[in-house]
Asks: 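Here it is, the structure, as structure tokens.
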Protein chains: 2
Amino acid sequence: MQPKIKDVARLAGVSVTTVSRVLNGEKYVKDDLKRRVNLAIEELGYAPSHIARSLVRNKTNLIGVIVPDITSSFYATILSSIEEAASDNDYNLLVCNISEDIDKEQKYLNVFQEMRVEGIIIMHEKINDEIRGIIHKMKIPVIFSSVKPIDQQFVSVIVDDYKAAYDATNYLIGLGHEAIGFIGGDMRDITSGQNRYSGYRNALTGGGIRIVHEYIRFGDYKVKSGYEQMKELLRVKNLPTAVFAVSDDMAVGAMNCIRDNGLRVPEDISVMGFDGSQLTELTRPTLTSMEQPIQEMGKVTMQVLLKQVETGEVPDRDIILEHRLVSRESCMARGKQ
Amino acid sequence: MQPKIKDVARLAGVSVTTVSRVLNGEKYVKDDLKRRVNLAIEELGYAPSHIARSLVRNKTNLIGVIVPDITSSFYATILSSIEEAASDNDYNLLVCNISEDIDKEQKYLNVFQEMRVEGIIIMHEKINDEIRGIIHKMKIPVIFSSVKPIDQQFVSVIVDDYKAAYDATNYLIGLGHEAIGFIGGDMRDITSGQNRYSGYRNALTGGGIRIVHEYIRFGDYKVKSGYEQMKELLRVKNLPTAVFAVSDDMAVGAMNCIRDNGLRVPEDISVMGFDGSQLTELTRPTLTSMEQPIQEMGKVTMQVLLKQVETGEVPDRDIILEHRLVSRESCMARGKQ
DNA sequence: ATGAAAGCGCTAACAT
DNA sequence: ATGTTAGCGCTTTCAT
């Protein structure tokens, strides 16, 4: 059984209030007493109970985080910067890895409520009505990171996905490509689904390029689906000379598929990714990618959330961070090999 | 302000005791009352305060986890299975990502104590005396996952690293290789440093192969150091025909380095990894690896820890899981190209 | 079968 | 400058 404040008080020969005062760094405690108290704390190995403190202060310093898949490099990186920002501000994280399990999400939202977390960060946009209802009822600050749900009531920290996809596609057009394949995301997703798809289409149209139905596929952001969708693209009569995948994972899958089918990246087909995950530097050829400022995204998300938690201040619109195209080896000018 | 048990009691027209009883599924509550209480709970959106419960029950259902680097695929995968096992048993995780920051580790251990976590999982073996002292003072069940600290007092869930490295090296010998490079870990680490190194050496000796000093390098398990150590190996006069790296990340770095220097894997140099991370299937060629049962490791870790938490039962020795060599494309028989 | 009241470890009025 | 005491929201004797 751990020592309590009472034990410290008794050992130091003071009242619990005095102990509490030195614990919380208040003035009005003589140095002499302060010393005795600290000695007693040291001797007993006393650490104040966060539980009891939370109860009386009505403040838990806990933030709940819902991640779709912690084994994905993209989310792991955001999470690590979220954790860092939390730690810097003396908040702790309760992490829920839902891995597509909607029931688990509900369960955790309930846990979050029971634990009285002071804010919630959500990193996926597949919010159904039930979840939405639960969130609204909780009346806890909620912020979305890297995604945007249909709800206008929640603020998101994101890049301009439309513009980013537009710029990425435009870059390929600038390299002389006209037959540009697209491996998109889930069209039920606003940011990574719809917006990136629109960006792709409008860039083509803007470049005077006809949109070819067979060049357009949709995956689930993971390596495997990039591989499979690429396999379909390779069945098209006139092969695309470039492919834009809306996640680095899918781009890697696409590169592997191209290679496994005896073609070369980028000589035969250029590949462009999206995200700026660690994978971009690991592959050969290295992967050109439309990068999100992943680290910053996590940090900003936590800062905005904590501001809301502590001051009640809610941003009046989404926080848009800058995207940046990082050119590596997987894309080359058409016909330059 | 969230509703409290008192609010529920008032709305249902019963005492708080009765509400508490239905909350905890006790008998001795008439169906009629139970119904009224549940209705009130529903109407108010009431969720019992975990804080208050923890205080009176003297039980938090919290487990602290210390991860060296959450952005590494290996740790992320263990963590995800730890989280799953925790969730299945109604425990929640407080995750600390130390990323080489020893101060942060100390800070978090203190947080763990204040939060009254019921157990701690640690996934790195760089425990210094100060940390060790703190852990011992806390008197909370501690378990190590995938690593083994020098202390004999802590139990670890690991593979037989010596045997695994021995088997891996032996596999390369079986393929006809004699000039086998080694990219090891930190020799201050028992499992991933010393034991794997011994396995490598003894396999060579057992195969009647002389140990060549220039073939032996040490890295920090990350991709970059695999790349850099491989660069050194390529400077040796008689190039190794195979290289064994004690992490998949380093193996990938080594493969990239070999390729960037105009050589081919596995035709010129075979590469063997260690861990069985997701990377093994992403690279081209795919990576042959001495795999740890990563998922199982996380699950078993949590099960053993929870058993100790709930029954006080401490295993009398380390839990050794089976390693398994998975042969992919990065290793081939010598002189078979 | 239901309720009143004590107490979990702490903080914060309030007193002195 | 220090101490007394009343809660924080819940569970759990102990009564009834």
Side-chain angles (χ1 to χ4, degrees), chain A residues 1-38 40-41 44-62 90 110-118 138, chain B residues 1-38 40-41 44-62 90 110-118 138:
Chain A
M1 182 102 302
Q2 307 240 25
K4 331 163 186 311
I5 198 173
K6 213 173 170 181
D7 301 318
V8 177
R10 194 179 309 133
L11 184 58
V14 298
S15 73
V16 294
T17 312
T18 302
V19 177
S20 175
R21 281 190 180 117
V22 347
L23 243 33
N24 295 290
E26 280 177 46
K27 41 198 173 181
Y28 302 140
V29 182
K30 267 194 186 147
D31 284 356
D32 170 47
L33 282 196
K34 200 180 288 182
R35 214 172 297 117
R36 268 160 54 200
V37 168
N38 281 323
I41 288 175
L44 294 172
Y46 169 78
S49 160
H50 183 90
I51 311 290
R53 280 183 153 172
S54 297
L55 188 60
V56 49
R57 287 178 176 164
N58 198 23
K59 174 144 185 44
T60 59
N61 281 47
L62 242 37
D90 288 315
N110 191 42
V111 169
F112 286 172
Q113 196 182 355
E114 294 191 349
M115 296 279 243
R116 304 295 191 252
V117 302
E118 300 181 32
M138 298 209 299
Chain B
M1 184 102 299
Q2 305 240 26
K4 331 166 186 309
I5 197 172
K6 212 173 169 181
D7 301 319
V8 177
R10 195 178 310 135
L11 184 58
V14 298
S15 73
V16 293
T17 312
T18 300
V19 177
S20 175
R21 280 188 179 119
V22 346
L23 244 30
N24 295 290
E26 280 177 46
K27 41 198 173 181
Y28 302 139
V29 182
K30 266 191 187 149
D31 285 355
D32 169 45
L33 284 196
K34 200 180 288 183
R35 216 172 296 117
R36 267 160 53 198
V37 168
N38 281 323
I41 289 175
L44 293 173
Y46 169 79
S49 161
H50 183 88
I51 311 289
R53 278 184 155 171
S54 297
L55 188 61
V56 50
R57 286 179 177 164
N58 198 25
K59 175 146 183 43
T60 60
N61 280 47
L62 242 35
D90 287 316
N110 190 44
V111 169
F112 286 172
Q113 196 182 357
E114 295 191 348
M115 296 278 243
R116 304 295 191 254
V117 301
E118 300 181 34
M138 298 208 301

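First the proteins, then the strands, lettered A, B, ... as listed; each starts at 1. In this text, all values refer to a predicted model and were calculated from it rather than measured experimentally.
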Asks: Among B/V22, B/D32, B/L23, B/V29, which residue meets the side chain to side chain contact (heavy atoms under 4.5 Å, CB included) test with B/V37?
Replies: B/V22
Asks: Once you round it to whole Å, what is the distance between P of C/dG9 and CD1 of A/I5?
Replies: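 Rounded to whole Å, this separation is 11 Å.
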Asks: With a 4.0 Å cut-off on N to O distance, would you call A/R10 and A/D7 a salt bridge?
Replies: yes
Asks: May I have the distance from B/L55 (atom CG) to C/dT11 (atom C1'), rounded to whole angstrom?
Replies: 13 Å
Asks: Starting at OH of A/Y46 and ending at C1' of C/dC10, how long is that distance when rounded to a whole Å?
Replies: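 It is 7 Å, rounded to the nearest whole Å.
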Asks: Between B/S49 and D/dG9, is there a side-chain N or O to OP1/OP2 distance below 4.0 Å?
Replies: no
Asks: Would you say the side-chain atoms of B/H50 pair up with the backbone N or O of B/T60, donor to acceptor, closer than 3.5 Å?
Replies: yes
Asks: Is A/T17 side chain donor-acceptor paired with the D/dT4 base, going by distance under 3.5 Å alone?
Replies: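 Such a pair is found, so the answer is yes.
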Asks: What is the distance, rounded to the nearest whole Å, between atom CD1 of A/I41 and atom P of C/dC10?
Replies: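 Atom-to-atom, A/I41 to C/dC10, this comes out as 10 Å.
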Asks: How is B/L33 classified with respect to the nucleic acid when contacts are heavy atoms under 4.0 Å: base, sugar-phosphate, or nothing?
Replies: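 Counting heavy atoms under 4.0 Å across all strands, the contact made by B/L33 is with sugar-phosphate only.
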Asks: Provide, to the nearest angstrom, the distance between the NZ atom belonging to A/K6 and the P atom belonging to D/dT5.
Replies: 13 Å
Asks: On DNA chain C, compare the nucleotides closest to B/N58 and B/V16; which residue's is nearer the 5' end?
Replies: B/V16
Asks: Output yes when at least one side-chain N/O atom of A/S20 is less than 4.0 Å from OP1 or OP2 of C/dC10, else no.
Replies: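 A/S20 to C/dC10 OP1/OP2: no side-chain N or O under 4.0 Å.
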Asks: Here's a test of your reading of the structure: between A/V56 and B/R21, which maps to the more 5' nucleotide of DNA chain D?
Replies: A/V56
Asks: Do any side-chain nitrogens or oxygens of B/R57 fall under 4.0 Å of OP1 or OP2 in D/dT11?
Replies: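 So the side-chain polar atoms of B/R57 do come within 4.0 Å of the phosphate oxygens OP1 or OP2 of D/dT11, strictly under.
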Asks: Let me know the distance between CG of B/L23 and C1' of D/dG9, rounded to the nearest Å.
Replies: 12 Å
Asks: Does the side chain of B/F112 reach to within under 4.5 Å of the side chain of B/L62, using non-hydrogen atoms?
Replies: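 No, side chains not in contact.
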Asks: Determine whether a donor-acceptor pair (one donor, one acceptor, N or O, separation below 3.5 Å) exists between the side chain of B/T18 and the base of C/dA1.
Replies: no
